[in-house]
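So that the names make sense, note that chain A is the first sequence line, chain B the second, and so on, each numbered from 1.
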Amino acid sequence: MNNICQLCKKNNAEIKCVIVVDGVRTEKRVCQECARKAGIVEQNKMNRKRTRDIITRTDSENELFCPGCKLTYSLFLKTGLLGCSQCYSTFSAALTDILKGIHSASYHKGRGLGEENTFDVAQLKWKLSEAVRQEDFESAARLRDEIKLIEKESN
Amino acid sequence: MIEKSYPPNLPSWISDGGENFEVVISTEALYVRNLADRPFPNTLDREEREISRRQMTEILGRILPDYRFLETDRMEEQDRKYLAERGSLPEELLPRPQGTGLFLTEIENSWVALNTSDHLRFRFVMPGTDVETVYRKARDLEEKMEQSLPFAYSERFGFLTSRPTECGTGLMIGFIVHIPGIVYSNNFSKLRDSLLKAGLTLKPFADPSISSEGHLFWIRSAHTLGLDEEEILETSRDMIYELVEMEFKARDAIMSKARYQVEDKILRGIGILTHARMIARQEGYALANALRLDAAEGITLDAIDLISATELFLVGKPAHLTAIVGEGNQLQMDTNRAELFRDYLKIEG
Ligand SMILES: [Zn+2]
Ligand SMILES: [Zn+2]
(Lines give C-alpha, C1' and ligand atoms only; values in the text may rest on other atoms or scores of the structure.)
(Ligands and ions follow the chains in the order given, each with its own letter.)
Protein backbone atom coordinates (compact mmCIF):
# COMPACT_ATOMS: atom_id res chain seq x y z
CA MET A 1 0.00 0.00 0.00
CA ASN A 2 2.72 2.35 1.06
CA ASN A 3 4.65 1.64 -2.11
CA ILE A 4 1.99 2.61 -4.66
CA CYS A 5 2.44 5.92 -6.54
CA GLN A 6 0.11 8.48 -5.08
CA LEU A 7 -0.43 10.23 -8.43
CA CYS A 8 -1.35 7.44 -10.84
CA LYS A 9 -2.15 4.91 -8.09
CA LYS A 10 -0.81 2.16 -10.34
CA ASN A 11 2.98 1.89 -10.40
CA ASN A 12 5.44 1.40 -7.57
CA ALA A 13 6.48 4.59 -5.86
CA GLU A 14 10.23 5.17 -6.06
CA ILE A 15 10.60 8.87 -5.47
CA LYS A 16 9.54 11.01 -2.56
CA CYS A 17 8.76 14.63 -3.40
CA VAL A 18 6.98 17.69 -2.12
CA ILE A 19 4.01 18.82 -4.14
CA VAL A 20 2.68 22.34 -3.89
CA VAL A 21 -0.90 22.98 -4.97
CA ASP A 22 -2.13 26.54 -4.48
CA GLY A 23 0.46 27.13 -1.82
CA VAL A 24 -0.34 23.97 0.17
CA ARG A 25 2.55 21.55 0.51
CA THR A 26 2.06 17.83 0.73
CA GLU A 27 4.64 15.09 0.64
CA LYS A 28 3.96 12.38 -1.91
CA ARG A 29 5.55 9.16 -3.09
CA VAL A 30 5.48 8.89 -6.88
CA CYS A 31 6.61 6.48 -9.58
CA GLN A 32 9.39 7.09 -12.13
CA GLU A 33 6.90 7.80 -14.89
CA CYS A 34 4.93 10.41 -12.96
CA ALA A 35 8.19 11.97 -11.86
CA ARG A 36 9.36 12.14 -15.44
CA LYS A 37 6.08 13.76 -16.50
CA ALA A 38 6.56 16.26 -13.74
CA GLY A 39 10.03 17.07 -15.00
CA ILE A 40 12.04 15.95 -11.98
CA VAL A 41 13.55 12.75 -13.25
CA GLU A 42 16.82 14.29 -14.48
CA GLN A 43 17.48 15.61 -11.03
CA ASN A 44 17.00 12.23 -9.47
CA LYS A 45 19.09 10.40 -12.01
CA MET A 46 22.03 12.54 -11.10
CA ASN A 47 21.47 12.42 -7.41
CA ARG A 48 19.25 9.63 -6.25
CA LYS A 49 19.66 10.61 -2.64
CA ARG A 50 18.14 13.98 -3.32
CA THR A 51 14.52 13.04 -3.12
CA ARG A 52 12.94 16.32 -2.14
CA ASP A 53 11.90 18.18 -5.23
CA ILE A 54 9.20 20.74 -5.28
CA ILE A 55 6.68 20.17 -7.98
CA THR A 56 3.19 21.39 -8.67
CA ARG A 57 0.66 19.28 -10.46
CA THR A 58 -2.61 19.77 -12.26
CA ASP A 59 -5.45 17.41 -11.55
CA SER A 60 -5.86 16.43 -15.19
CA GLU A 61 -2.29 15.47 -15.96
CA ASN A 62 0.62 15.06 -13.66
CA GLU A 63 2.84 17.66 -15.25
CA LEU A 64 4.93 20.29 -13.59
CA PHE A 65 3.39 23.69 -14.13
CA CYS A 66 3.90 27.18 -12.76
CA PRO A 67 1.21 28.43 -10.36
CA GLY A 68 1.97 32.01 -11.34
CA CYS A 69 1.27 31.79 -15.06
CA LYS A 70 0.10 28.19 -15.67
CA LEU A 71 3.01 27.52 -18.00
CA THR A 72 3.79 23.80 -18.22
CA TYR A 73 7.34 22.55 -18.26
CA SER A 74 6.88 20.86 -21.63
CA LEU A 75 5.60 24.07 -23.20
CA PHE A 76 8.64 25.90 -21.83
CA LEU A 77 10.89 23.29 -23.42
CA LYS A 78 9.10 23.82 -26.71
CA THR A 79 9.23 27.65 -26.83
CA GLY A 80 12.27 28.36 -24.66
CA LEU A 81 10.25 31.10 -22.98
CA LEU A 82 9.36 31.31 -19.30
CA GLY A 83 6.03 32.90 -18.43
CA CYS A 84 6.62 34.81 -15.19
CA SER A 85 9.05 35.42 -12.32
CA GLN A 86 7.62 32.49 -10.39
CA CYS A 87 8.63 30.11 -13.19
CA TYR A 88 12.20 30.52 -11.94
CA SER A 89 11.36 29.02 -8.57
CA THR A 90 8.88 26.48 -9.95
CA PHE A 91 11.36 25.05 -12.43
CA SER A 92 14.50 25.90 -10.46
CA ALA A 93 15.85 22.35 -10.38
CA ALA A 94 15.61 21.90 -14.14
CA LEU A 95 16.70 25.51 -14.79
CA THR A 96 19.86 25.03 -12.76
CA ASP A 97 21.02 22.38 -15.23
CA ILE A 98 19.90 24.38 -18.26
CA LEU A 99 21.65 27.53 -17.02
CA LYS A 100 24.85 25.63 -16.27
CA GLY A 101 24.73 24.39 -19.85
CA ILE A 102 24.22 27.86 -21.31
CA HIS A 103 26.23 30.12 -19.02
CA SER A 104 28.48 27.63 -17.18
CA ALA A 105 26.98 29.21 -14.08
CA SER A 106 23.72 29.11 -12.18
CA TYR A 107 24.12 32.04 -9.80
CA HIS A 108 23.81 35.75 -10.49
CA LYS A 109 26.90 37.86 -9.95
CA GLY A 110 27.07 41.62 -9.62
CA ARG A 111 24.72 44.52 -9.30
CA GLY A 112 21.28 43.82 -7.84
CA LEU A 113 18.16 45.86 -7.35
CA GLY A 114 18.67 49.34 -5.95
CA GLU A 115 17.92 50.00 -2.30
CA GLU A 116 14.22 50.28 -1.47
CA ASN A 117 14.63 53.85 -0.20
CA THR A 118 15.95 55.09 -3.52
CA PHE A 119 12.67 54.18 -5.20
CA ASP A 120 10.73 57.30 -5.92
CA VAL A 121 7.08 58.13 -5.55
CA ALA A 122 6.37 57.11 -9.15
CA GLN A 123 7.15 53.50 -8.30
CA LEU A 124 4.88 53.57 -5.26
CA LYS A 125 2.14 55.06 -7.42
CA TRP A 126 2.70 52.28 -9.93
CA LYS A 127 2.27 49.72 -7.16
CA LEU A 128 -0.81 51.59 -5.93
CA SER A 129 -2.52 51.49 -9.32
CA GLU A 130 -1.76 47.77 -9.49
CA ALA A 131 -3.18 47.17 -6.02
CA VAL A 132 -6.35 49.06 -6.93
CA ARG A 133 -6.69 47.14 -10.18
CA GLN A 134 -6.40 43.85 -8.34
CA GLU A 135 -8.78 45.10 -5.63
CA ASP A 136 -6.14 44.58 -2.96
CA PHE A 137 -7.44 47.48 -0.87
CA GLU A 138 -5.33 46.70 2.17
CA SER A 139 -2.09 47.22 0.22
CA ALA A 140 -3.60 50.19 -1.58
CA ALA A 141 -4.31 51.97 1.70
CA ARG A 142 -0.79 51.27 2.96
CA LEU A 143 0.76 52.54 -0.28
CA ARG A 144 -1.39 55.67 -0.21
CA ASP A 145 -0.10 56.44 3.30
CA GLU A 146 3.50 55.88 2.20
CA ILE A 147 3.10 58.19 -0.77
CA LYS A 148 1.53 60.89 1.38
CA LEU A 149 4.36 60.61 3.88
CA ILE A 150 7.07 60.94 1.22
CA GLU A 151 5.31 63.80 -0.50
CA LYS A 152 4.95 65.62 2.81
CA GLU A 153 8.65 65.10 3.61
CA SER A 154 9.80 66.37 0.25
CA ASN A 155 7.74 69.55 0.56
CA MET B 1 4.56 57.66 -40.10
CA ILE B 2 8.03 56.95 -41.47
CA GLU B 3 9.68 59.73 -43.36
CA LYS B 4 10.50 58.68 -46.87
CA SER B 5 13.30 60.66 -48.38
CA TYR B 6 15.88 60.45 -51.06
CA PRO B 7 18.72 60.37 -50.36
CA PRO B 8 17.43 58.29 -47.43
CA ASN B 9 17.92 59.56 -43.91
CA LEU B 10 20.11 57.11 -42.07
CA PRO B 11 20.44 56.06 -38.45
CA SER B 12 23.25 57.98 -36.71
CA TRP B 13 25.35 54.84 -36.22
CA ILE B 14 25.88 54.70 -39.97
CA SER B 15 26.24 58.36 -40.82
CA ASP B 16 29.04 59.15 -38.36
CA GLY B 17 32.24 57.13 -38.64
CA GLY B 18 33.58 55.92 -35.28
CA GLU B 19 36.78 54.36 -33.98
CA ASN B 20 37.83 51.38 -36.15
CA PHE B 21 34.86 52.04 -38.45
CA GLU B 22 36.77 50.25 -41.24
CA VAL B 23 36.07 47.00 -39.40
CA VAL B 24 33.48 47.68 -36.69
CA ILE B 25 30.40 49.46 -37.97
CA SER B 26 28.63 49.76 -34.63
CA THR B 27 28.58 48.76 -30.97
CA GLU B 28 25.40 48.28 -28.94
CA ALA B 29 24.45 47.65 -25.33
CA LEU B 30 21.16 45.88 -24.76
CA TYR B 31 19.31 45.40 -21.46
CA VAL B 32 16.36 43.09 -20.78
CA ARG B 33 14.09 43.86 -17.83
CA ASN B 34 10.68 42.68 -16.64
CA LEU B 35 8.15 44.07 -14.19
CA ALA B 36 7.90 42.24 -10.90
CA ASP B 37 4.17 42.41 -10.42
CA ARG B 38 2.81 40.58 -13.47
CA PRO B 39 3.54 37.67 -15.83
CA PHE B 40 5.88 38.20 -18.78
CA PRO B 41 4.11 39.55 -21.90
CA ASN B 42 4.32 36.24 -23.77
CA THR B 43 1.76 34.78 -21.33
CA LEU B 44 -0.45 37.89 -21.21
CA ASP B 45 -3.42 38.21 -23.55
CA ARG B 46 -3.86 41.15 -25.87
CA GLU B 47 -5.97 43.19 -23.45
CA GLU B 48 -3.53 42.68 -20.57
CA ARG B 49 -0.63 43.70 -22.80
CA GLU B 50 -2.49 46.85 -23.75
CA ILE B 51 -3.11 47.74 -20.12
CA SER B 52 0.52 47.07 -19.33
CA ARG B 53 1.63 49.17 -22.31
CA ARG B 54 -0.53 52.10 -21.22
CA GLN B 55 0.88 52.00 -17.69
CA MET B 56 4.49 51.75 -18.84
CA THR B 57 4.05 54.42 -21.50
CA GLU B 58 2.76 56.89 -18.93
CA ILE B 59 5.89 56.52 -16.80
CA LEU B 60 8.39 56.13 -19.64
CA GLY B 61 7.01 59.19 -21.41
CA ARG B 62 8.37 61.25 -18.50
CA ILE B 63 11.70 59.41 -18.33
CA LEU B 64 12.27 59.53 -22.10
CA PRO B 65 11.44 63.05 -23.29
CA ASP B 66 13.73 62.75 -26.32
CA TYR B 67 12.02 59.64 -27.65
CA ARG B 68 8.95 59.45 -29.81
CA PHE B 69 6.46 56.72 -29.02
CA LEU B 70 5.27 54.35 -31.75
CA GLU B 71 2.23 52.14 -31.24
CA THR B 72 3.79 49.31 -33.19
CA ASP B 73 0.48 47.48 -33.63
CA ARG B 74 -0.90 50.42 -35.59
CA MET B 75 2.08 50.71 -37.90
CA GLU B 76 2.05 49.48 -41.47
CA GLU B 77 3.95 46.26 -41.98
CA GLN B 78 6.23 48.02 -44.48
CA ASP B 79 7.16 50.64 -41.85
CA ARG B 80 7.91 48.01 -39.24
CA LYS B 81 10.09 46.13 -41.73
CA TYR B 82 11.86 49.36 -42.68
CA LEU B 83 12.77 50.08 -39.06
CA ALA B 84 13.75 46.45 -38.41
CA GLU B 85 16.10 46.43 -41.42
CA ARG B 86 18.04 49.32 -39.87
CA GLY B 87 18.05 47.79 -36.37
CA SER B 88 15.68 50.45 -35.03
CA LEU B 89 12.94 47.97 -34.19
CA PRO B 90 13.55 44.54 -32.63
CA GLU B 91 12.78 41.62 -34.96
CA GLU B 92 10.33 40.31 -32.39
CA LEU B 93 7.98 43.18 -33.18
CA LEU B 94 7.62 42.09 -36.80
CA PRO B 95 5.14 39.18 -36.53
CA ARG B 96 3.10 39.76 -33.35
CA PRO B 97 2.65 43.42 -32.68
CA GLN B 98 -0.61 43.59 -30.63
CA GLY B 99 -0.19 45.50 -27.41
CA THR B 100 3.45 46.28 -28.15
CA GLY B 101 5.17 49.64 -28.37
CA LEU B 102 8.46 51.30 -29.15
CA PHE B 103 10.16 54.46 -27.91
CA LEU B 104 12.69 55.59 -30.51
CA THR B 105 15.05 58.58 -30.58
CA GLU B 106 15.08 60.89 -33.58
CA ILE B 107 18.59 59.85 -34.64
CA GLU B 108 17.79 56.19 -33.90
CA ASN B 109 20.71 55.65 -31.54
CA SER B 110 18.39 54.21 -28.91
CA TRP B 111 15.09 52.40 -28.52
CA VAL B 112 12.99 50.97 -25.71
CA ALA B 113 10.68 48.14 -26.78
CA LEU B 114 7.56 47.34 -24.74
CA ASN B 115 5.91 43.93 -24.53
CA THR B 116 8.09 41.80 -26.73
CA SER B 117 8.51 38.45 -24.95
CA ASP B 118 9.82 40.66 -22.13
CA HIS B 119 8.25 43.82 -20.73
CA LEU B 120 11.26 45.97 -21.53
CA ARG B 121 14.17 45.58 -23.89
CA PHE B 122 16.27 48.67 -24.54
CA ARG B 123 19.49 49.49 -26.31
CA PHE B 124 21.98 52.17 -27.19
CA VAL B 125 24.10 51.99 -30.32
CA MET B 126 27.17 54.01 -31.42
CA PRO B 127 29.32 53.86 -34.53
CA GLY B 128 32.69 52.08 -34.24
CA THR B 129 34.09 50.40 -31.11
CA ASP B 130 32.64 52.34 -28.22
CA VAL B 131 31.71 49.86 -25.51
CA GLU B 132 32.03 52.44 -22.70
CA THR B 133 29.62 54.98 -24.14
CA VAL B 134 26.85 52.56 -25.10
CA TYR B 135 27.10 50.87 -21.71
CA ARG B 136 27.07 54.14 -19.76
CA LYS B 137 24.04 55.42 -21.66
CA ALA B 138 22.10 52.17 -21.40
CA ARG B 139 22.93 51.92 -17.71
CA ASP B 140 21.76 55.51 -17.09
CA LEU B 141 18.48 54.61 -18.67
CA GLU B 142 18.21 51.41 -16.64
CA GLU B 143 18.76 53.30 -13.40
CA LYS B 144 16.19 55.93 -14.29
CA MET B 145 13.64 53.24 -15.06
CA GLU B 146 14.37 51.40 -11.84
CA GLN B 147 13.40 54.49 -9.89
CA SER B 148 9.88 54.23 -11.21
CA LEU B 149 9.28 50.63 -12.22
CA PRO B 150 9.58 47.52 -10.02
CA PHE B 151 11.91 45.12 -11.82
CA ALA B 152 11.60 41.34 -11.52
CA TYR B 153 14.69 40.17 -9.65
CA SER B 154 15.88 37.26 -7.55
CA GLU B 155 19.09 36.98 -5.57
CA ARG B 156 19.75 33.63 -7.14
CA PHE B 157 19.00 34.30 -10.83
CA GLY B 158 19.46 38.08 -10.97
CA PHE B 159 17.17 40.07 -13.24
CA LEU B 160 14.50 37.69 -14.50
CA THR B 161 13.86 37.39 -18.21
CA SER B 162 11.54 35.29 -20.35
CA ARG B 163 14.56 33.56 -21.89
CA PRO B 164 16.82 31.81 -19.40
CA THR B 165 19.65 32.63 -21.83
CA GLU B 166 19.34 36.31 -20.81
CA CYS B 167 18.76 36.26 -17.04
CA GLY B 168 21.29 37.54 -14.51
CA THR B 169 22.62 40.92 -15.53
CA GLY B 170 20.27 40.96 -18.53
CA LEU B 171 23.05 42.89 -20.28
CA MET B 172 24.41 42.07 -23.73
CA ILE B 173 27.07 43.83 -25.80
CA GLY B 174 26.84 43.52 -29.58
CA PHE B 175 28.77 44.61 -32.67
CA ILE B 176 28.29 44.71 -36.43
CA VAL B 177 31.63 43.83 -38.00
CA HIS B 178 32.89 43.80 -41.58
CA ILE B 179 35.63 41.18 -41.91
CA PRO B 180 36.47 40.47 -45.58
CA GLY B 181 40.14 39.94 -44.69
CA ILE B 182 39.37 37.16 -42.22
CA VAL B 183 36.95 35.53 -44.67
CA TYR B 184 39.30 35.74 -47.70
CA SER B 185 42.24 34.36 -45.72
CA ASN B 186 40.15 31.36 -44.56
CA ASN B 187 40.41 32.33 -40.92
CA PHE B 188 36.68 32.55 -40.42
CA SER B 189 36.09 29.24 -38.64
CA LYS B 190 39.08 29.94 -36.42
CA LEU B 191 37.50 33.26 -35.44
CA ARG B 192 34.11 31.68 -34.80
CA ASP B 193 35.64 29.05 -32.54
CA SER B 194 37.61 31.56 -30.50
CA LEU B 195 34.53 33.78 -30.14
CA LEU B 196 32.51 30.82 -28.95
CA LYS B 197 35.18 29.99 -26.42
CA ALA B 198 35.12 33.57 -25.16
CA GLY B 199 31.34 33.40 -24.79
CA LEU B 200 30.23 35.36 -27.84
CA THR B 201 28.00 34.35 -30.72
CA LEU B 202 28.31 35.27 -34.37
CA LYS B 203 25.67 35.31 -37.09
CA PRO B 204 25.49 36.72 -40.64
CA PHE B 205 24.08 40.22 -40.99
CA ALA B 206 22.20 39.31 -44.15
CA ASP B 207 18.80 37.66 -43.72
CA PRO B 208 18.40 33.98 -44.62
CA SER B 209 17.15 34.86 -48.13
CA ILE B 210 20.77 35.48 -49.03
CA SER B 211 22.67 32.24 -49.37
CA SER B 212 26.22 33.55 -49.16
CA GLU B 213 27.34 34.59 -45.71
CA GLY B 214 29.21 37.61 -47.01
CA HIS B 215 31.61 39.54 -44.81
CA LEU B 216 29.23 41.35 -42.49
CA PHE B 217 28.33 39.79 -39.14
CA TRP B 218 26.55 40.41 -35.85
CA ILE B 219 28.60 39.50 -32.79
CA ARG B 220 26.93 39.42 -29.41
CA SER B 221 27.99 38.49 -25.88
CA ALA B 222 26.07 35.38 -24.85
CA HIS B 223 26.71 35.10 -21.11
CA THR B 224 24.48 37.11 -18.81
CA LEU B 225 24.73 34.89 -15.74
CA GLY B 226 27.75 34.28 -13.52
CA LEU B 227 29.62 37.32 -14.86
CA ASP B 228 29.13 40.82 -13.51
CA GLU B 229 28.66 43.77 -15.84
CA GLU B 230 32.33 44.81 -15.70
CA GLU B 231 33.39 41.31 -16.73
CA ILE B 232 30.92 41.30 -19.62
CA LEU B 233 32.30 44.65 -20.84
CA GLU B 234 35.88 43.49 -20.46
CA THR B 235 35.33 40.27 -22.40
CA SER B 236 33.57 42.11 -25.22
CA ARG B 237 36.18 44.88 -25.33
CA ASP B 238 39.13 42.47 -25.36
CA MET B 239 37.50 40.40 -28.07
CA ILE B 240 36.60 43.30 -30.35
CA TYR B 241 40.10 44.83 -30.23
CA GLU B 242 41.59 41.42 -30.92
CA LEU B 243 39.23 40.99 -33.86
CA VAL B 244 40.10 44.42 -35.28
CA GLU B 245 43.80 43.59 -35.13
CA MET B 246 43.23 40.19 -36.69
CA GLU B 247 41.22 41.73 -39.54
CA PHE B 248 43.80 44.44 -40.31
CA LYS B 249 46.57 41.86 -40.33
CA ALA B 250 44.55 39.63 -42.66
CA ARG B 251 43.89 42.57 -45.01
CA ASP B 252 47.60 43.40 -45.10
CA ALA B 253 48.40 39.78 -45.82
CA ILE B 254 45.96 39.36 -48.70
CA MET B 255 46.97 42.72 -50.17
CA SER B 256 50.61 41.65 -50.29
CA LYS B 257 49.92 38.09 -51.42
CA ALA B 258 46.85 38.37 -53.61
CA ARG B 259 46.52 42.01 -54.58
CA TYR B 260 45.52 41.27 -58.17
CA GLN B 261 42.77 38.84 -57.20
CA VAL B 262 41.28 41.34 -54.75
CA GLU B 263 41.55 44.22 -57.21
CA ASP B 264 39.99 42.04 -59.89
CA LYS B 265 37.04 41.22 -57.64
CA ILE B 266 36.45 44.87 -56.76
CA LEU B 267 36.91 46.26 -60.26
CA ARG B 268 34.55 43.65 -61.71
CA GLY B 269 32.05 44.76 -59.07
CA ILE B 270 32.43 48.37 -60.14
CA GLY B 271 31.99 47.27 -63.73
CA ILE B 272 28.70 45.61 -62.90
CA LEU B 273 27.54 48.57 -60.83
CA THR B 274 28.25 51.08 -63.57
CA HIS B 275 26.66 49.06 -66.38
CA ALA B 276 24.11 46.62 -65.03
CA ARG B 277 20.46 47.51 -65.48
CA MET B 278 19.26 45.01 -62.90
CA ILE B 279 20.84 43.94 -59.62
CA ALA B 280 19.25 41.18 -57.55
CA ARG B 281 19.28 41.20 -53.77
CA GLN B 282 22.03 38.62 -53.44
CA GLU B 283 24.25 40.27 -56.03
CA GLY B 284 23.75 43.68 -54.45
CA TYR B 285 24.85 42.28 -51.14
CA ALA B 286 28.01 40.77 -52.64
CA LEU B 287 28.82 44.08 -54.37
CA ALA B 288 28.38 46.00 -51.12
CA ASN B 289 30.81 43.60 -49.45
CA ALA B 290 33.49 44.20 -52.09
CA LEU B 291 33.00 47.96 -52.31
CA ARG B 292 33.20 48.46 -48.58
CA LEU B 293 36.59 46.75 -48.51
CA ASP B 294 37.70 48.96 -51.39
CA ALA B 295 36.57 52.11 -49.60
CA ALA B 296 38.18 51.10 -46.31
CA GLU B 297 41.56 50.25 -47.82
CA GLY B 298 41.65 52.62 -50.81
CA ILE B 299 42.52 49.73 -53.08
CA THR B 300 41.29 50.92 -56.46
CA LEU B 301 39.73 53.99 -58.01
CA ASP B 302 38.27 55.75 -55.02
CA ALA B 303 34.87 54.87 -56.48
CA ILE B 304 32.93 55.26 -53.24
CA ASP B 305 33.53 56.54 -49.71
CA LEU B 306 33.33 54.34 -46.64
CA ILE B 307 30.03 55.64 -45.29
CA SER B 308 28.30 55.37 -48.67
CA ALA B 309 29.61 51.85 -49.07
CA THR B 310 28.19 51.00 -45.65
CA GLU B 311 24.83 52.47 -46.68
CA LEU B 312 24.67 50.06 -49.60
CA PHE B 313 24.05 47.21 -47.16
CA LEU B 314 20.96 49.01 -45.95
CA VAL B 315 19.43 50.64 -49.02
CA GLY B 316 19.53 47.38 -51.01
CA LYS B 317 17.14 45.72 -48.56
CA PRO B 318 13.52 45.38 -49.74
CA ALA B 319 11.74 47.68 -47.27
CA HIS B 320 14.40 50.37 -47.73
CA LEU B 321 14.30 50.11 -51.49
CA THR B 322 10.52 50.39 -51.37
CA ALA B 323 10.68 53.39 -49.04
CA ILE B 324 13.23 55.18 -51.22
CA VAL B 325 12.14 54.34 -54.75
CA GLY B 326 8.61 53.01 -54.33
CA GLU B 327 6.88 49.67 -54.54
CA GLY B 328 7.31 47.28 -57.41
CA ASN B 329 7.47 43.65 -58.50
CA GLN B 330 10.70 41.67 -58.41
CA LEU B 331 11.79 42.96 -61.81
CA GLN B 332 11.20 46.58 -60.88
CA MET B 333 12.91 46.10 -57.51
CA ASP B 334 16.03 44.75 -59.21
CA THR B 335 15.97 47.62 -61.70
CA ASN B 336 15.50 50.16 -58.92
CA ARG B 337 18.35 48.62 -56.97
CA ALA B 338 20.70 48.90 -59.96
CA GLU B 339 19.76 52.54 -60.47
CA LEU B 340 20.06 53.42 -56.79
CA PHE B 341 23.44 51.73 -56.42
CA ARG B 342 24.78 53.48 -59.51
CA ASP B 343 23.91 56.82 -57.92
CA TYR B 344 26.20 55.96 -55.03
CA LEU B 345 29.26 55.65 -57.24
CA LYS B 346 31.42 58.70 -57.78
CA ILE B 347 32.45 57.57 -61.24
CA GLU B 348 30.24 57.81 -64.30
CA GLY B 349 28.90 54.65 -65.89
ZN1 LIG C 1 2.69 7.29 -10.99
ZN1 LIG D 1 5.30 31.25 -14.36
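Contacts between B/Glu155 and chain A at a heavy-atom distance below 4.5 Å involve the backbone alone (N, CA, C, O). For chain A, the nearby parts of B/Met56 are the backbone and the side chain; heavy atoms of each come within less than 4.5 Å. For A/Ser106, the parts lying under 4.5 angstrom from a heavy atom of chain B are both the backbone and the side chain. Residue contact with chain A, scored on non-hydrogen atoms closer than 4.5 Å, involves the backbone of B/Leu227 exclusively. With a 4.5 Å cut-off on non-hydrogen atoms, B/Glu143 touches chain A through its side chain but not through its backbone. For a residue to count as touching a neighbouring chain, one of its non-hydrogen atoms must lie under 4.5 Å from one of that chain's; by this rule A/Leu95 touches chain B with the side chain only. Heavy atoms closer than 4.5 Å to chain B are found in both the backbone and the side chain of A/Leu81. Of the two parts of B/Leu44, neither the backbone nor the side chain holds a non-hydrogen atom closer than 4.5 Å to a non-hydrogen atom of chain A.
Within the 4.5 Å cutoff, the side chain of B/Leu216 has heavy atoms near those of the B/Ile176 side chain. Contact annotation: the side chain of B/Ser117 approaches that of B/Glu92 to within less than 4.5 Å [non-hydrogen atoms, C-beta and beyond].
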- [ ] Decide ring pair (Phe, Tyr, Trp, His ring centres under 6.0 Å) for A/Tyr73 and A/Phe91; before the verdict, give the C-alpha distance in whole Å, the side-chain angles of both, and the deciding distance to 0.1 Å.
- [x] CA-CA 8 Å; A/Tyr73 186 68; A/Phe91 305 126; 5.4 Å; yes

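Contact count against chain A (heavy-atom pairs under 4.5 Å) is highest for B/Ser162 among B/Gly158, B/Ser162, B/Ser154. Contact tally against chain A (heavy-atom pairs below 4.5 Å) for B/Arg62, B/Glu231, B/Gln55: the top residue is B/Gln55. Of the listed residues (B/Asn34, B/Leu160, B/Leu225), the one with the most heavy-atom contacts under 4.5 Å to chain A is B/Leu225. Taking A/Cys69, A/Gly83, A/Gly68, A/Gly112 one by one and counting their heavy-atom pairs under 4.5 Å with chain B, the maximum is reached by A/Gly83.
Using cut-offs of 30° and 60° for the angle between ring planes, the B/Phe69 and B/Phe103 rings count as tilted.
Summarising the geometry, atom CG belonging to B/Leu102 is positioned 12.5 Å from atom CZ belonging to B/Arg121; distances are rounded to the nearest 0.5 Å.
Residue pairs that meet the ring-ring contact (aromatic ring centres under 6.0 Å, His included) test with at least one member in residues 141-169 of chain B, sequence neighbours left out, are A/Tyr88-B/Phe157, A/His108-B/Tyr153, B/Tyr153-B/Phe159.
The side-chain tip of B/Arg220 does not point at the ring of B/Phe175 from less than 6.0 angstrom away and within 45° of straight on.
For B/Phe188 and B/Phe217, the ring centers sit closer than 6.0 Å to each other.
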